Amino acid sequence: MGFKIKYDIEKQYLTSGSKRRSGIKMPHVGFMVAHDTGNPNSTASGNVGYYERSRNEMSASAHIFVDDKRIIECIPFLTGTPEKAWHVLYNVTKDNEMYGDDANDVAGGVELCYGTNIDSKEAYKRYIWVLAYSCYKFNLNPAKMITGHEILDPKRKIDPSNGLKTMGHTYSQLLKDVVAEYNDCLGKSVATVAPTVTGGTYTIKAGDTFWSIAQNSNGAFTVQDLIAWNPTVNAAELKVGQTINIKQPTKVETPTTSTSKKVTLPDGILKLGDKGSNVLTVQEALCKVNFYPEKGAVNDGCDSIYGAKTQNAVQRFQLVYLGQMMLMASMALKQKLN
């Protein structure tokens, strides 16, 4: 049995090659971002029409708009080869911390229409269905791979909670309802809601990593928060039954880090035995996020030599963030440390 297609998804693509629709293909679909329009009583058709009329005036966009009557896709995603949409600012970092990539590059963006002139029940039903169907289409776990715009950009955004509130729903309930819809449309229970990590401490269970624990916090904290709050814990060697802090302790040893300036990492790949300024830049970037080549040594081991200790720091970094051991300072390291 496939996924139950409850609603039509209408293609109403924006003009390609414009500011709002670049036509650039997505390398893959990695997660979903839930939005609301922020414009009460605007319809799916109205929003898409506005995007088309202003296609060369501004770049903000999304893949899909949902109201109580229609689901309209204005940038190819479910109805065509997925293209990038500009729905989350590139200069926010939460998407990289949570999913290892930029939302604009690998995430689908779905906008909820709301207001007194829109049937909230019908709009919400379509909204959770299209989010669930997107997860099915791209083999995403709906319990883990959906986030809200407000989670990624909390200083600027309040969606989708803003729109959901007018419908009598909450963001946390949305996530649960999408999982329930996903299971219902498959006719069996496949996905389960991940337990939310809350409180002041957490006890390590089999299979836990700082990455998985942070993902289950619903955006409350990041891997870097966990590292900073647990300076004596080796994140690469967590033990079942071990207790860690999941919020700022009352008193904590604050590691010395190089945070006075942003580090721009070199291009290319570094390997064991390399020397020079590029190696030093990577070493300083590792120290910045508390993965010291040799903490306590001169310059904490930053000596411009890609030796065994720097290699070990890279491996520890990648084990925490990528879940695997790699021997080179690859582009994945550059993406995480920027």
Side-chain angles (χ1 to χ4, degrees), residues 27 30 90-91 93-102 105-106 204 206-215 221-240 242-246 249 252-338:
Y90 270 114
N91 63 2
T93 60
K94 185 69 77 171
D95 45 3
N96 283 272
E97 293 168 358
M98 293 176 68
Y99 299 108
D101 221 324
D102 289 300
D105 294 335
V106 303
I204 300 298
D208 279 340
T209 65
F210 272 12
W211 176 260
S212 66
I213 295 167
Q215 278 198 309
F221 51 79
T222 66
V223 171
Q224 274 307 302
D225 290 330
L226 292 176
I227 292 171
W229 298 340
N230 297 276
T232 62
V233 174
N234 184 344
E237 297 180 2
L238 298 178
K239 297 177 176 59
V240 174
Q242 185 177 15
T243 300
I244 63 170
N245 294 310
I246 56 172
V252 63
E253 173 192 345
T254 303
T256 301
T257 59
S258 304
T259 58
S260 58
K261 61 180 180 179
K262 181 177 180 179
V263 177
T264 301
L265 290 175
D267 292 323
I269 296 176
L270 297 176
K271 60 183 182 298
L272 197 64
D274 283 348
K275 300 179 181 180
S277 59
N278 283 353
V279 176
L280 180 62
T281 299
V282 170
Q283 290 173 328
E284 290 175 342
L286 287 163
C287 288
K288 181 179 179 181
V289 291
N290 306 325
F291 289 88
Y292 305 92
E294 189 177 5
K295 187 176 181 180
V298 177
N299 294 328
D300 287 318
C302 297
D303 57 6
S304 303
I305 302 172
Y306 197 107
K309 292 178 180 178
T310 298
Q311 181 188 63
N312 177 264
V314 171
Q315 290 176 339
R316 285 185 281 116
F317 173 90
Q318 292 177 327
L319 182 61
V320 170
Y321 280 102
L322 305 180
Q324 59 184 333
M325 297 294 285
M326 297 169 62
L327 298 179
M328 298 181 184
S330 65
M331 292 304 292
L333 173 61
K334 179 178 179 178
Q335 179 185 61
K336 287 294 183 181
L337 292 178
N338 270 337

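Not measured: the values here are computed from a predicted model.
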Looking only at heavy atoms, what is the nearest atom pair of Leu226 and Asn245, with distance? CD2-O, 3.6 Å
Of the non-hydrogen atoms in Val279 and Tyr306, which two are nearest, and what is the gap between them? CG1-N, 3.5 Å
Partners meeting salt bridge (charged side-chain N to carboxylate O under 4.0 Å, His left out) with Asp274 (sequence neighbours left out): Lys271
Please test Tyr90 against Asp105 for side chain to side chain donor-acceptor pair (under 3.5 Å), starting from the C-alpha separation and ending with a verdict. CA-CA 9 Å; Tyr90 270 114; Asp105 294 335; 2.6 Å; yes
For Ala228 against Pro231, the heavy-atom pair lying closest together: O-CD, 3.7 Å
Quick one, Lys275 with Ser304, criterion side-chain contact (heavy atoms from CB on, under 4.5 Å). Give me CA distance, side-chain angles, the key distance, then yes/no. CA-CA 5 Å; Lys275 300 179 181 180; Ser304 303; 5.8 Å; no
Once rounded to the nearest 0.5 Å, what's the spacing between atom CD1 of Ile244 and atom NZ of Lys239? 13.0 Å
OG (Ser277) and CD (Glu284) are apart, to the nearest 0.5 Å, by 10.0 Å
For Asp225 and Ile246: C-alpha separation, side-chain torsions, deciding distance, then whether side-chain contact (heavy atoms from CB on, under 4.5 Å) applies. CA-CA 8 Å; Asp225 290 330; Ile246 56 172; over 6 Å; no
Please determine whether side-chain contact (heavy atoms from CB on, under 4.5 Å) holds for the pair Val282 and Leu270, giving the CA-CA distance in whole Å, both sets of side-chain angles, and the decisive distance to 0.1 Å. CA-CA 9 Å; Val282 170; Leu270 297 176; 3.4 Å; yes
May I have the step-by-step check of side-chain contact (heavy atoms from CB on, under 4.5 Å) for Tyr99 and Val106, ending in yes or no? CA-CA 10 Å; Tyr99 299 108; Val106 303; over 6 Å; no
I'd like to check the side-chain contact (heavy atoms from CB on, under 4.5 Å) partners of Thr243; sequence neighbours left out, ordered by chain and number. Thr201, Thr203
Does any N or O in the side chain of Gln283 come within less than 3.5 Å of the main-chain N or O of Asp303, such that one atom is a donor and the other an acceptor? yes
Report the C-alpha distance between Asn96 and Asp101 in whole Å, list the side-chain angles of each, state the deciding distance to 0.1 Å, and finish with yes or no for side chain to side chain donor-acceptor pair (under 3.5 Å). CA-CA 5 Å; Asn96 283 272; Asp101 221 324; over 6 Å; no
Would you compute the distance between atom CG of Asp95 and atom OG1 of Thr93 and round it to the nearest 0.5 angstrom? 7.5 Å
Distance (rounded to the nearest 0.5 Å) between Gln242 CD and Asn230 CG: 8.0 Å
